[in-house]
Every structure is written in structure tokens, then in C-alpha cells.
Amino acid sequence: MRWAVRSHDEDGDPLQEGTGSFGVSRSLVALAALAIQAREPARFELLYRLVWQANAGKPDEAEMHRAQELALAVRAEAHRMRTHVRYLPVEEGNRRPLCWLV
């Protein structure tokens, strides 16, 4: 299974809006917002399954745990970037910042 975000089909025609709807918990939305930023290639498939399972009322604990691990990894990496990135002062004309991870 491959996921893609797009607004048009292969012929360039706009995709039809869906008529059905369902809701998921705020906690799952918050978890997915972090986990989708992970580097794991299978994150879209995992999150799709979690949303599908939440809609059906049968969440898989192992998959929920994996999504929590991905979210934790994203939080840890964001923290590391905030605390370990150093910037070098540059001249006014240079628009590219010079920085590195210590």
C-alpha cells in the first residue's frame, strides 16, 4: 500500500469530496501529528491502520505502542535540535545561516 497526498486524479480532474465522515479522539490526532513527522517509511500505513481501527472501535495495542514510540522519537529529536544546534554569526549580506549540531 502506498499513500499519496493529492487533489487531482491521474487525468488532472479534481478528486470528488467524500460524503461519509467519522471522528477520532483528540489524543489520537495529537499522537498522529507527531508520529507522522518520524523518519519511519511505514508511518503512513501505521497511522492509517490506527485511524481505521479507532473508527471500528478496536484499537490494536501493539500498533498504538509503535505510534507512541515514533512520537517519542520525534519529541526527542526536536529537543535535541533545540538544545544542541549552535549558530555562527554571519555578515549582513549572507542570507544562509551557518549552524551545526554539537
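All values derive from a computational prediction rather than experimental measurement.
- Judged by distance alone, the side chains of His65 and Glu61 never bring a donor and an acceptor atom under 3.5 Å apart.
- Here the CG atom belonging to Leu46 is positioned 9.5 Å from the CG atom belonging to Asp60, to the nearest 0.5 angstrom.
- Residue pairs meeting the side chain to side chain donor-acceptor pair (under 3.5 Å) criterion with at least one member in residues 23-33, sequence neighbours excluded: Ser25-Ser27.
- The two residues Leu50 and Met64 make their nearest non-hydrogen contact at CD2-N, 3.8 Å.
- Between Phe44 atom CZ and Arg49 atom CZ the span is 13.5 Å, to the nearest 0.5 Å.
- Val74 and Leu70 are not part of a single hydrophobic cluster, where members link through side-chain heavy atoms under 4.5 Å apart.
- Contacts of Val29 classified as side-chain contact (heavy atoms from CB on, under 4.5 Å), with partners at least two apart in sequence or in another chain: Val24.
- In terms of the side-chain hydrogen bond (donor to acceptor under 3.5 Å, both in side chains) criterion, His79 has no residue partners (sequence neighbours excluded).
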Side chains of residues 31-41: which donor-acceptor partners sit under 3.5 Å, not counting sequence neighbours?
from	atom 1	to	atom 2	distance (Å)
Gln37	NE2	Ala33	O	2.9
Glu40	OE1	Arg66	NH2	3.0

